[in-house]
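Working notes, beginning with the structure itself.
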Number of protein chains: 2
Amino acid sequence: MPESEAAPPETTERKVRERLHAAAAEVFARKGYASATVNDIVRKAGVTKPVLYYHYGSKEGMYKAFLESALSDLEERVGAVETLRGSASLRLSRLCGEIYAIFRRHTDAVRVMHAIYYGPPQGAPYFDFDRALFRVEDSVSKIVRQGLEAGEFEGDAAAMTRAVLGVCNECIDIELAHPEKAVGKAGLLESLDVVLRGMKREGGR
Amino acid sequence: MPESEAAPPETTERKVRERLHAAAAEVFARKGYASATVNDIVRKAGVTKPVLYYHYGSKEGMYKAFLESALSDLEERVGAVETLRGSASLRLSRLCGEIYAIFRRHTDAVRVMHAIYYGPPQGAPYFDFDRALFRVEDSVSKIVRQGLEAGEFEGDAAAMTRAVLGVCNECIDIELAHPEKAVGKAGLLESLDVVLRGMKREGGR
DNA sequence: GTCTATACATGGATAGAC
DNA sequence: GTCTATCCATGTATAGAC
């Protein structure tokens, strides 16, 4: 990033950077890191190659800036939800709803992250997804344990945490693979309710 | 599976094909489709480039053969579990256990599939994952509906199906991202039990 | 800051001998 | 069936003018 010394009409530079950022998001999401080319990105952004290198240094720099902006937003919003009050069930609903909302805001980044995190590294540069994802896991885990202490829940904390995260991820996965079959926030909360209440009929067993 | 079986002195060809297959599995799983190179595969298999082209035609043919063998195994085993009898809960446990076992047998293929199916296509050739995955989903869904009809379960069938698949995928995802944190079949069944019984304490609310 | 033109490396695929 | 050597397209990155 060059040292700009009080240059007011920087609107052009800003817009170029943003256009590159948006174009990179689309291209990386459609092709993955390895298969995405700098040519693809600059073409979509309506600039030439050296412009990308001037602003982001390399394909790698472009990629990291793209992921960084999405994941920092995730951490911020999950942190905000942690301050809410109410029953553990209610707070889990809110948290899951927020996770889903973040996914909708950053679908491109989630798709790329998903592929790299669970799949082959694709030769992509290292990126610390764990920091943000552990944040989410800890947030769920904390609410579960509070529910246990309050006598609202019963069972194994780790198994319950996995079940809650499982329904969130399942609904996100469905939408990633088949957008037309998306279940939405409503479908997610419905599945969360299954986990909270159980599938078996009351008194059955 | 090659057509002719009555050729005894084919041991060399067989071994070469199998070595290539195994090498491709490792390389695709470590690098993904786009980033994996034919050179990587032949080097690991201990053969030269034209040998791969002779047996599999192209990088694409190598890739498809690799996935096909894993997914046909998946379909076959899921079909076998469908014949079992017992309560819906028990059959769901068996099915989830089998899904996990298949994942363990074909971790490489699952990793690659996961990335392509939920993530960017990576410029990989089209492969019909849906056929096999819908088979799994239908299998779970059918048991859930039978449980509902028998009065063993209560709730929304689609939401319950998502919850069950969610715990399976969650446990698989954990192992894909952090093998050292794997919860194993036991952990999976524990989480499935959470879904069956519910997190909330009996009588609470 | 942005352009044109190009250096340089790599990868998929094949020709042709054996 | 397998080898050596090579073709050719593509991709990242940069030099140098404006």
Side-chain angles (χ1 to χ4, degrees), chain A residues 1-24 26-28 30-66 120-126, chain B residues 2-4 7-24 26-28 30-66 120-127:
Chain A
M1 242 175 278
E3 265 59 52
S4 58
E5 55 291 321
E10 274 191 337
T11 62
T12 304
E13 176 176 349
R14 277 270 167 70
K15 293 184 86 159
V16 167
R17 285 183 69 94
E18 281 166 22
R19 285 218 311 278
L20 276 168
H21 190 102
E26 283 180 55
V27 174
F28 282 130
R30 214 177 66 246
K31 300 205 174 183
Y33 182 80
S35 198
T37 74
V38 174
N39 270 325
D40 291 332
I41 297 172
V42 297
R43 192 183 313 128
K44 185 165 290 257
V47 300
T48 57
K49 235 187 279 194
V51 177
L52 183 150
Y53 284 91
Y54 176 81
H55 287 287
Y56 290 94
S58 64
K59 177 181 174 180
E60 178 172 338
M62 186 85 255
Y63 167 78
K64 287 185 173 172
F66 154 58
Q122 293 184 49
Y126 174 76
Chain B
E3 43 289 40
S4 66
E10 274 191 339
T11 61
T12 303
E13 178 176 347
R14 276 270 167 69
K15 293 185 86 158
V16 169
R17 283 183 71 95
E18 281 166 21
R19 286 218 310 278
L20 276 168
H21 190 101
E26 282 180 56
V27 174
F28 282 130
R30 214 178 65 245
K31 300 204 173 181
Y33 182 79
S35 198
T37 75
V38 174
N39 271 325
D40 291 333
I41 297 172
V42 297
R43 193 184 312 126
K44 184 165 291 257
V47 300
T48 57
K49 233 189 276 194
V51 176
L52 184 150
Y53 285 91
Y54 176 81
H55 287 287
Y56 290 94
S58 65
K59 177 181 174 180
E60 179 173 337
M62 185 87 256
Y63 167 78
K64 287 185 174 172
F66 154 60
Q122 292 184 51
Y126 173 76
F127 190 92

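Side chains included, hydrogens not; waters and symmetry mates left out as well; all remaining heavy atoms used. Chain identifiers are assigned alphabetically (A, B, ...) following the order of the sequence lines, protein sequences preceding nucleic acid strands; residue numbering begins at 1 within each chain.
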Distance in Å, His55(A) NE2 paired with Arg19(A) CZ, rounded so as to fall on 0.5 Å steps: 9.5 Å

Under 3.5 Å, side chain of Lys59(B) to main-chain N/O of Tyr33(B), donor-acceptor pair present? yes

Distance-only, no hydrogens or angles: does the Tyr56(B) side chain make a donor-acceptor pair with backbone N or O of Arg17(B) under 3.5 Å? yes

Does OP1 or OP2 of dA13(C) have a side-chain N or O of Tyr53(B) closer than 4.0 Å? yes

Could you tell me the separation between the [atom1] atom of [X] and the [atom2] atom of [N], rounded to a whole number of Å?
{"X": "Asn39(B)", "N": "dA9(C)", "atom1": "CG", "atom2": "C1'", "value": "13 Å"}
{"X": "Ile41(A)", "N": "dA13(D)", "atom1": "CD1", "atom2": "P", "value": "11 Å"}
{"X": "Tyr54(B)", "N": "dG1(D)", "atom1": "OH", "atom2": "C1'", "value": "6 Å"}
{"X": "Tyr63(B)", "N": "dG12(C)", "atom1": "OH", "atom2": "P", "value": "15 Å"}
{"X": "Tyr56(B)", "N": "dG1(D)", "atom1": "OH", "atom2": "C1'", "value": "15 Å"}
{"X": "Met62(A)", "N": "dG11(D)", "atom1": "CE", "atom2": "P", "value": "18 Å"}
{"X": "Leu52(A)", "N": "dT2(C)", "atom1": "CG", "atom2": "C1'", "value": "13 Å"}
{"X": "Arg43(A)", "N": "dT12(D)", "atom1": "CZ", "atom2": "P", "value": "11 Å"}

So which nucleotide from dC3(D), dT2(C), dT12(D) ends up closest to the side chain of Val51(B)? dC3(D)

Starting from the C-alpha separation in whole Å, work towards a yes-or-no answer on side chain to side chain contact (heavy atoms under 4.5 Å, CB included) for Val51(B) and Leu20(B). CA-CA 9 Å; Val51(B) 176; Leu20(B) 276 168; 4.3 Å; yes

Atom pairs under 3.5 Å: protein N/O with N/O of nucleotides 4-10 of chain D:
none

Would you check if Asp40(A) and Arg43(A) make a side-chain contact, meaning some heavy-atom pair closer than 4.5 Å? yes

Within a strict 4.5 Å, meaning less than it, do heavy atoms of the Val42(A) and Val47(A) side chains meet? yes

Name the nucleic acid region contacted by Ala36(A), choosing base, sugar-phosphate or nothing; use a 4.0 angstrom heavy-atom cut-off, strictly under. sugar-phosphate

Look at the rings of Tyr63(B) and Phe28(B) and say which category their plane angle falls in: under 30° parallel, 30 to 60° tilted, over 60° perpendicular. perpendicular

